[in-house]
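Have a look at the structure below before the remarks.
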Amino acid sequence: MAVMAYMFLPMQARSPLLSYLLAVYLAGIGAAWALGRWDHHYLSDHRPVHATSPSVQRTPPALRVSLATMAGAMAYMLFAM
């Protein structure tokens with residue numbers, strides 16, 4: 001959410017270095033979603049647990065693709081701006 005707030009700043013107020021760092025971060029998150037490495041954040045009971053806990057669900061493929069696409073699109077927007 002902080003990245004989205006950062007995107008609302010005027011262009012003159014943005015730091016190019018911070019924009020590139022955030023874009024790389026979002027690209028990494030997108031890759032993690034696409035590869036299924038971020039599934040431990042999709043919990044069945046909304047409590048923090050270990051990734052090996054039985055209460056962790058596998059993310060449905062459609063949701064995983066959607067979240068990876070969103071992260072990739074946000075990274076692209078930061079690079080393009």
*Which atom pair, heavy atoms only, marks the closest approach of A75 to A27?*
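Answer, listing the atom of A75 first, then A27: CB-N, 3.9 Å.
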*Looking only at heavy atoms, what is the nearest atom pair of G30 and A68, with distance?*
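Result for this residue pair: O-CB, 3.4 Å.
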_For the CZ atom of R64 and the CZ atom of R37, what is their distance to the nearest 0.5 Å?_
10.0 Å
_CG on L26 to CE on M70, rounded to 0.5 Å_ = 8.0 Å
ILVMFWY network linking [X] to [Y], side-chain heavy atoms under 4.5 angstrom:
| X | Y | value |
| --- | --- | --- |
| L17 | Y76 | no |
| F8 | M74 | no |
| M7 | L22 | yes |
| W33 | L63 | yes |
| M11 | Y20 | no |

*Donor-acceptor under 3.5 Å (S66 side chain, A62 main chain)*: no
_Looking at L9, is its backbone amide N or carbonyl O close enough to the side chain of R14 to form a donor-acceptor pair, meaning the two atoms are under 3.5 Å apart?_
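At least one qualifying donor-acceptor pair exists.
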*Is the number of heavy atoms from other residues, nucleotides or ligands under 6.0 Å of Y6 OH greater than 12?*
yes
*Any side-chain heavy atom of V24 within less than 4.5 Å of one from F79?*
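Answer yes - side chains close enough.
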*Assess whether side chain to side chain contact (heavy atoms under 4.5 Å, CB included) is satisfied between V3 and L78, documenting all intermediate values.*
CA-CA 9 Å; V3 175; L78 283 169; 3.8 Å; yes
